[in-house]
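Working notes, beginning with the structure itself.
Convention: sequence-line order gives letters A, B, ...; per-chain numbering from 1. As the structure is a computational prediction, the values presented were derived from the model and not from experiment.
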Amino acid sequence: MTDTFDKGNAAFIAKRYASERRFKAYGAVALAVSVLFLVYLIVDIGIKAWPSFFEHRVVLEVNLDASKIPADEVLKGDFEGLVRGSLRSLFPRVTTRGDVRSLTSLLSAGAADDLRQDTAANPASIGTTVRAGALLGDDSDLYLKGMLTTTLRMPGTTNLQLAQSGEEFILTGDLSQLAVGQIVRANGGALRITGVEAGLAKAEAILPPATLNSLTPGTWDILSFSRAEADRRIDDRQVVLLEALRDKGVIEKHFAWRFFTSGDSREPELAGLRGAIFGSLLTLIMTLSLSVPLGIAAAVYLEEFAAKNKWTEIIEVNINNLAAVPSIIFGLLGLAVFINFFGLPRSAPLVGGLVLALLVLPTIIIASRAALKAVPPSIKEAALGVGASHQQAVFHHVLPLAVPGILTGTILGVARALGETAPLLMIGMVAFIVDVPKGFTEAATVLPVQIFLWSDLPEIAFQSRTAAAIIVLLVILFGLNAAAIYMRKRFERRW
Amino acid sequence: MKKVLLAVSALALFAGPALARDQIRIVGSSTVYPFTTTVAENFGKTSGMKTPVVESTGTGGGMKLFCSGVGEDTPDMTNASRAMKKSEFEACAKNGVTEIVEIKVGFDGLTVAASKDAPDMKLTKQQLFMALAKQVPDKDGKLVDNPYKMWSDIDASLPKEKIEILGPPPTSGTRDSFMELAMEVGAGKFESLEALKKSDAKAFEAVWKSMREDGAFVEAGENDNLIVQKLQANPAALGIFGFSFLEENASSIKGLEIDGATPTFESVASGDYKMSRPLFVYVKKQHVGVVPGIAEFVAEYVSDKALGEDGYLGAKGLITLPGAEAEKTRADALAMNVLTIDGLK
C-alpha cells in the first residue's frame, strides 16, 4: 500500500483538503451573512420600538372639586376639565383662546383616564387636592423624545434692550447671538426672531412678555431648532410651553405599562396590545382544543391501526399537500363554510380558531406520525408479547414515549398559527376593535393583525408602536420555540 | 377522547342561534378607516355603548358585504372612498337593502410628493399622464409607446432627472382615484385623445387606464407609509399617496404643485387643488332601532365635535366639508334621508 503515496496522490489529497477548506469557508460566510441580516433586523426594529415603551406625563395638582364629580357616578365626572384647569393654572399668563388651545392640545385625549380610574377606586379623595399624572399627546411625547426636532438651548450672555411697536418687538444692543427663527425667552414670555438688521432685531411674540425690561446676561436664553416650524408636527408655541413645563420639573417619563394593559386606540399614546394578546390567546385555545386531539387521533390511527392500502395512501398524500397550501385558502374556506353556511359570527376568535386549526392540523399530524414512527418497534412488540392488546400497547407504551415529539410539533404548529394574518383577513378579524374580547364569540383581533393595522396608519407615533408590537410578537414566538426545545431535551428518550 | 367530546360539544353550543347583536359593525374603505375608527372610539368612550367594530375591507369589498342583505349577520354601515355605484345600489335593492343613508364626510386629497431634498417641480395633469401612461400620442396624435425617460423630455422646464414614480397597486382605492382624477383628465388634454373619447370611449379608457411597465412607475404596495419611507431614501423619486400621510410627514416630504395649486388643507377644502375625492359613509337605515346605537353613532359622526372646523377628524387629517355643505350633510344624516337611484353613476 505504501506505493500509493506517490507524488500524484499527494497532490490529489492536497486538492481534496483544499476543497474541504473552501467548503467550510463558504459555510462560514453563509452563516455570517445570515447572522448579520438577523442582527440588523432585530437591532433596527429594537431601535424603532424602544421609544414606545416609555411615555411622558405632566404631574399636576388637581383639586377634585366635588361639584364636578357626581358622587353616585364618579366615572361620569368632568375629569378632563379638572386636569385642563390645573394645567392652565400653571400658566396664569396664558389667557387668549389660541394660547389656551395650544396648551391643552399638549395633553392626550385620554389625559384624565388615569385620574378617573384612581378616583373611582378611592372616592374618599373627592374634595381634596391630589397629585395626578396627565398623559401627554403623541406630538408632545415625540418632541420630548427628541424625534420631531433637536432643540438647542443657549444661555443669553449679552445685554439687550427690548421695545415694542404695535405687534412687533424690537431688540437692540449686542445681537451677536441672535439669528432668524430662534426663540428668545425672557421676561416671562417668548419672542421669535423674524429679522436681524444692522443694529436691531425684529421679533414677534409667541407668548407676550410680562415687561419690557432690558435683558441682562443670565436672565434670558435662546432656543434654536434643527427643524424649522413649518417642517414639524409641533409649532413654536407648543414647544415653548413644553420647555416651560420641563423647566418647572413637572414632566415625568415612565415605563408605558399602558402599552400592555389597554386595548387598541386611534391615539398612538393610548393604543395598547391587550385586546390583541387576548384575541390571540382565545384564538389559540380554540385552535389547540380542536387540532391537538384530532391531529393526534388521526396520526395514531394512520400510523398504528390503518390498513396499508390505496385509500390510506391517498389520504397520506393529501395530508402532506395540505401542509403546503397557502393560508389564504383556509381563510376563504372559513368564510364560505363557517360564516356563510353555519352562520357563525364574523371577527370572532371562534371562527379564527377553527380556521387556524385546519391550517395547523396537517403539521401536527405529520409531526405526530414522525414521533410515533421513532418509537422502537421492540417496545410495542414486548407489550404485545406479554399479552397486551394492540390498543393497550399503543396507548400504554408507544404514545407516552412519542409525547415529546408530538409536543414539539404542536408548539411549532402553534407558533405558525400565532403569526398568521392572511386567513383572518377573510373572516373579518382585520378590524379596529377597542373592547378587549371576553369570550369566543366576541369581536377580536390578533397580534400580527394588530401589527398590520398599525403599520398602515398615518400617525408617526404608530410606526414606533408597530415596531414595539413586532418585538412583543417575536418575544412570544421565541418563548414558544424555547419551550419546544426545553420539552424535547427534558422528555427525550434515546434508545 | 374526552377532549374531543368537549370540543365538539363546545362547538355545538356556539353554533346555536346567533345572539342578538348589540355592537355596530362597519366595513369598507381603508382610506376612511382612520376616520371612522376615531369616531367609533370617541362614541364608545362617551356613549356608554359598545365600541363599534370597524373592518378595513376596501370600498368594493365593503359594498359587497353591505349589500348582502338585511339582518344581524350583515354590516350596518360601510365606508367608501367613492360614491356608491348604480350597480351596487341595484345589488343592494335586490337583496332587500332598500333604505340607504349616504353621509358625505369630507375629502381626501391625492398628492404627488417628493423628498424635501428634491428640487421643486410644478406639474400639470397632462405632464403626469405623459410620465405615467403606457401609450402617449406623438406629434401627429398617433399613439406610440411612451418614449419619455427624463422629466426634461416631457417639458424643458422640468429637471433633467429620470422619471421614477412610486404608487399604489391596482387593488388600492387610492390607485383608482388617481387614475380618474389625474390620468383621465390628463389624457383628455390631448386633442387626439379627446377625439378618441368621443368616437370610441372604450379605447380611450384603455389608454388612460394603462400604466407604463418599463420601470418608470413602480408599484410600491398598499402601505402608504412604505412609499413615504422610500421617498426619504431616494430624493429623485416621486410618490403618490393620500393627503393625511403628507401632513403627518411634513418634516421629510413635500407635496408638488399640480395645475397651479399645492396640496394644503385649505386648497383641498376650497376645491382649488383638483386632485381630491369625496369620502362617504353609507348607513343601512333598516338596521336603525334593531342594532342599538346606530342613530347615536351617526349623530356623533356629523357632530360639530367631530366634523366641525376644529373637530377631532380635522386633527386626524380629514379635510372636512365647507360650512354650508357640512350643514346639509348634517341635516340629511340626522333626518336619515334615504338615497335614491337618481344621480348615481
Side-chain angles (χ1 to χ4, degrees), chain A residues 75-76 101 105 109-110 113 148-149 227 230-233 263-267 270 286 289-290 292-294 296-297 338-340 342-348 350-351 354 357 425 428-435 439-445 452-453 455-463 466, chain B residues 1-8 10-11 14-15 17-19 21 23 25-27 30 33-42 44-45 48 50-57 65 72-73 75 116 222-226 228-229 242 244-252 254 310 312 315-317:
Chain A
L75 287 175
K76 287 214 170 144
R101 199 182 303 150
S105 74
D113 290 356
L148 294 181
T149 170
R227 281 208 187 117
D231 290 350
R232 51 180 139 88
R233 289 275 307 160
D264 195 7
S265 170
R266 280 289 289 123
E267 309 298 330
L270 296 175
M286 198 64 222
S289 57
L290 208 72
V292 168
L294 282 183
I296 295 176
F338 299 128
I339 294 182
N340 291 345
F342 285 114
L344 296 180
R346 268 180 87 80
S347 318
L350 168 67
V351 181
L354 287 172
L425 189 77
M429 287 185 88
V430 180
F432 175 74
I433 292 154
V434 173
D435 304 325
F440 288 101
T441 50
E442 277 183 41
T445 189
F452 168 71
L453 285 172
S455 76
D456 210 11
L457 290 173
E459 286 86 358
I460 301 172
F462 268 118
Q463 293 175 15
T466 307
Chain B
M1 288 312 275
K2 255 190 203 158
K3 262 194 194 164
V4 181
L5 282 175
L6 244 159
V8 169
L11 198 64
F14 287 127
L19 294 168
R21 183 150 62 81
Q23 194 169 26
R25 303 209 58 131
I26 306 169
V27 293
S30 54
Y33 172 87
F35 309 121
T36 300
T37 46
T38 310
V39 180
E41 186 177 355
N42 277 292
K45 264 189 185 168
K50 274 193 172 173
T51 308
V53 171
V54 188
E55 272 184 59
S56 165
T57 62
L65 287 165
E72 271 161 3
D73 48 353
K116 275 249 143 117
E222 286 265 13
N223 190 325
D224 285 358
N225 273 322
L226 221 66
V228 172
Q229 283 171 18
S244 40
F245 287 84
L246 177 69
E247 215 193 9
E248 280 290 333
N249 293 283
S251 56
S252 54
K254 60 183 175 191
D310 299 318
Y312 55 72
K316 282 279 172 208

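- Shortest non-hydrogen contact noted between A:Ala443 and B:Gln23 is CB-OE1, 4.2 Å.
- The heavy-atom pair separating B:Ala40 from A:Phe432 by the smallest distance is CB-CE2, 4.4 Å.
- Neither the backbone nor the side chain of B:Leu226 comes within contact range of chain A; no heavy atom of the residue lies under 4.5 Å from a heavy atom of that chain.
- B:Lys316 NZ to A:Leu457 CG: the interatomic distance, rounded to the nearest 0.5 Å, is 8.0 Å.
- Across B:Lys45 and A:Ala109, no two heavy atoms sit closer than the pair NZ-O, 4.4 Å.
- More than 12 heavy atoms of other residues, nucleotides or ligands sit less than 6.0 Å from atom OH of B:Tyr312.
- The parts of A:Ile460 that come within reach of chain B are both its backbone and its side chain, each placing non-hydrogen atoms under 4.5 angstrom from that chain.
- For chain B, the nearby parts of A:Arg346 are the backbone and the side chain; heavy atoms of each come within less than 4.5 Å.
- With a 4.5 Å cut-off on non-hydrogen atoms, A:Glu267 touches chain B through its backbone and its side chain both.
- Summarising the geometry of B:Glu55 relative to A:Ser347, their closest heavy-atom pair is OE2-OG, 3.6 Å, with the distance given to 0.1 Å.
- Counting heavy-atom pairs closer than 4.5 Å to chain B, the top-ranked of the candidates A:Asp113, A:Thr445, A:Asp435 is A:Asp435.
- Across every non-hydrogen atom of B:Ser244 and A:Pro458, the tightest pair is O-CB, 4.1 Å.
- Contact of A:Leu453 with chain B is made through the side chain alone, with heavy-atom distances under 4.5 Å.
- Heavy atoms closer than 4.5 Å to chain A are found nowhere in B:Pro75, neither backbone nor side chain.
- When heavy atoms are compared at a cutoff of 4.5 Å, B:Asn225 approaches chain A solely by way of its side chain, counted from C-beta outward.
- At least one donor-acceptor pair under 3.5 Å links the side chain of A:Arg266 to the backbone N or O of B:Pro34.
- A:Gln463 is listed as a side-chain neighbour of B:Gln229, based on a closest heavy-atom distance under 4.5 Å.
- The greatest number of non-hydrogen atom pairs below 4.5 Å with chain B, out of A:Leu148, A:Thr149, A:Val430, A:Leu75, is found for A:Val430.
- Both the backbone and the side chain of B:Lys50 come within contact range of chain A, judged by heavy atoms closer than 4.5 Å.
- The heavy-atom pair separating B:Asp224 from A:Asp456 by the smallest distance is N-OD1, 3.9 Å.
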